[in-house]
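Written out below as structure tokens is the structure these notes cover.
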There are 2 protein chains.
Amino acid sequence: MELPIRISKDSREPIYHQIVNQFKALIAGGHLSAGTPLPSIRALSKDLEISIITTRRAYQDLEVQGFIRTLQGKGTFVADIAESLKQEVKVTSVHNILENAVETALSYDYNLSQVKEIFLNILQDKEKGDK
Amino acid sequence: MELPIRISKDSREPIYHQIVNQFKALIAGGHLSAGTPLPSIRALSKDLEISIITTRRAYQDLEVQGFIRTLQGKGTFVADIAESLKQEVKVTSVHNILENAVETALSYDYNLSQVKEIFLNILQDKEKGDK
DNA sequence: TATACTGTGTATATAGATATATACAGTATA
DNA sequence: TATACTGTATATATCTATATACACAGTATA
């Protein structure tokens, strides 16, 4: 199974944390349903060219937060999460991300109209790119 | 001078890096013009309740990237940067930030229309909040 | 004019966080 | 039963953040 997990080594955000956020998005967004097996820490670490301890750290955080379950010798699976919780994570996370992006754009001395225009341009580019 | 520099200790992004990004936004955005003195590493570290070595690390990175100049015993000042460079940093950074936000929103299985709606709601909230 | 004080930045040692390499333990299958 | 999968643990190196001390620059005062 090919997962859209990517890490940026340029980012100062810890690698394990990038992985956590991306899996959270996939799970809360419904891309990965309950019971689905995740790649093993070895498979993922090879895929991302990082240490298995780094992928394990990410899986540990996800497990502590209740998104996945791991069984020694068996593997890691998407946990059974209440739809309401998934929805809450989805709505809250996306809202926070977009709001932070707006705040940052405003700190560059753009005004709301300009931010809106730039954003709509990006959406347009994405729409064209999808075709 | 009161600067809108804030750090989030919850974020996994290193503190020094958060400071770098926020100063970069203020400088590229024109809020801080060339020659403006920045707070000393002691003043800023007291303001943010962090170590002076952390603020120094942020100032060092900003100096290496050409945004500021520091003189031992005298202080730290906004560097004289070409308007074209400031503009480039401004446009590129904001575009990247908004684009990444869109990408992340899409990874939560929102579609472009939904992302647009959420974003416009946020802008609306911000417009109301400004009043 | 020299010295002391107060500002400024700079350097070093240490602790915690992050990422790695390597070895150990559990489970399933041939 | 052996092998190949799986997760788990430990030691080490690097990065980040801190506390503390040192050095430079400007100003005030004797």
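This is a predicted model, so every value here is computed, not measured. Letters A, B, ... mirror the listed sequences (proteins, then strands); counts begin at 1.
- Counting only residues at least two apart or in different chains, side chain to side chain donor-acceptor pair (under 3.5 Å) contacts with residues 98-107 of chain B comprise A:K126-B:E99, A:K126-B:E103.
- The nearest whole Å value for the distance from the CG atom in B:L44 to the P atom in C:dG9 is 10 Å.
- Using a 4.5 Å heavy-atom threshold, the side chains of A:L26 and A:Q22 count as separate.
- Atom CG of A:N111 is surrounded by more than 12 heavy atoms from other residues, nucleotides or ligands within 6.0 Å.
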| What would the secondary structure line of DNA chain C be in dot-bracket form, counting Watson-Crick and G-U wobble pairs under 3.5 Å, with [ ] for pairs that cross earlier ones and | for pairs with another strand? | ||||||||||||||||||||||||||||||
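- Taking atom NZ on A:K46 and atom C1' on C:dA19, their separation rounds to 18 Å, with Å as the unit.
- Taking 4.5 Å as the limit, some side-chain heavy atom of A:P39 sits within range of a side-chain heavy atom of A:L3.
- If you measure from atom CZ of B:R57 to atom C1' of C:dA17, you get 14 Å, rounded to the nearest angstrom.
- Cluster membership for B:I5 and B:F77, using ILVMFWY side-chain heavy atoms within less than 4.5 angstrom, is not shared.
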| request: Do nucleotides 1-12 of chain D as a string where each nucleotide becomes B, S or -: B if the base has a protein heavy atom under 4.0 Å, S if just the sugar-phosphate does, - if no protein is that close. | output: -----BBBBB--
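- Looking at heavy atoms from C-beta onward, A:R12 lies in side-chain contact with B:Y16 at the 4.5 angstrom threshold.
- Between the CD1 atom of B:I15 and the C1' atom of C:dT18 there is a distance of 15 Å, given to the nearest Å.
- In this structure, CG of B:L48 is placed 12 Å from P of D:dA17, rounded to the nearest angstrom.
- Across the protein-nucleic acid pair, B:Y16 atom OH and D:dA17 atom C1' stand 11 Å apart, rounded to whole Å.
- Straight-line distance from the CG atom of B:D61 to the C1' atom of C:dG9: 16 Å, rounded to whole Å.
- One interatomic measurement links the two molecules: NZ of A:K9 to P of C:dT20, which rounds to 6 Å at whole-angstrom precision.
- Surrounding CD of B:Q114 are more than 12 heavy atoms belonging to other residues, nucleotides or ligands, all under 6.0 Å away.
- Within 6.0 Å of atom NZ in B:K116, 12 or fewer heavy atoms from other residues, nucleotides or ligands are found, so the atom counts as exposed in its surroundings.
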| Stepwise, does the side-chain contact (heavy atoms from CB on, under 4.5 Å) test hold for B:F23 with B:L44? | CA-CA 12 Å; B:F23 269 115; B:L44 188 65; 3.8 Å; yes
